[in-house]
Amino acid sequence: TAVEFGMKLAWEGQGETEVGIDRKSGKTVVEIDREYYRPAEVELLLGDASKAGKVLGWNPKVNFSALVTMMAKAAAERC
């Protein structure tokens, strides 16, 4: 989604110290916040909305990539 904001990121560090830096401004725009860690992280989470489609007739209107972009833009507007 950095592309959506016209950014090219340079990644520095590893693990918990890794950050994404906007190459143009030099500003750190991505960093890890331990507040959002899950107490017991699992390696893989998979969702399957097929039952919602079959039982409720529900289908998603937005694909995953578009959802991530929408969430990033909303977060940027709050800053």
Side-chain angles (χ1 to χ4, degrees):
T1 57
V3 174
E4 296 287 332
F5 294 96
M7 294 181 200
K8 291 186 179 179
L9 299 181
W11 294 97
E12 295 182 3
Q14 292 183 18
E16 294 182 13
T17 63
E18 186 173 23
V19 294
I21 301 170
D22 178 17
R23 291 179 191 255
K24 184 186 265 185
S25 69
K27 180 180 176 183
T28 298
V29 294
V30 179
E31 60 188 356
I32 294 174
D33 188 335
R34 292 193 53 76
E35 179 181 351
Y36 298 106
Y37 273 24
R38 294 181 180 162
E41 187 62 59
V42 294
E43 291 297 316
L44 180 65
L45 295 173
L46 295 174
D48 181 358
S50 63
K51 185 175 181 180
K54 291 175 189 169
V55 175
L56 304 173
W58 176 86
N59 289 302
K61 296 178 183 175
V62 177
N63 67 30
F64 182 74
S65 179
L67 177 62
V68 171
T69 298
M70 291 166 60
M71 292 171 68
K73 286 181 178 179
E77 289 173 4
R78 287 193 307 265
C79 295

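We use all heavy atoms of the structure for the numbers below, so side chains are in, but hydrogens, waters and symmetry mates are not.
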- Report whether Val62 and Val68 are members of the same hydrophobic cluster (ILVMFWY, side-chain heavy atoms less than 4.5 Å apart, transitive linking).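 Per the 4.5 Å side-chain linkage, Val62 and Val68 are not co-clustered.
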- Message: Counting neighbours of CZ on Phe64 that are heavy atoms of other residues, nucleotides or ligands and sit closer than 6.0 Å, is the number greater than 12?
- Response: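 No, CZ of Phe64 has 12 or fewer neighbouring heavy atoms, counting only those of other groups under 6.0 Å.
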- Heavy-atom pair with the smallest gap, counting every atom of Ile32 and Glu16: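 Where Ile32 meets Glu16 most closely, the heavy atoms are CD1-CA, 3.5 Å.
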- Query: Is there any side-chain hydrogen bond (donor to acceptor under 3.5 Å, both in side chains) pair reaching into residues 49-63, and which pairs are they, with sequence neighbours excluded?
  - Reply: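 Residue pairs passing side-chain hydrogen bond (donor to acceptor under 3.5 Å, both in side chains), neighbours aside: Asp48-Ser50.
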Donor-acceptor list for residues 24-31 side chains, cut-off 3.5 Å, not counting sequence neighbours:
from: Ser25; atom 1: OG; to: Asp22; atom 2: OD2; distance (Å): 3.0
from: Ser25; atom 1: OG; to: Lys27; atom 2: N; distance (Å): 3.1

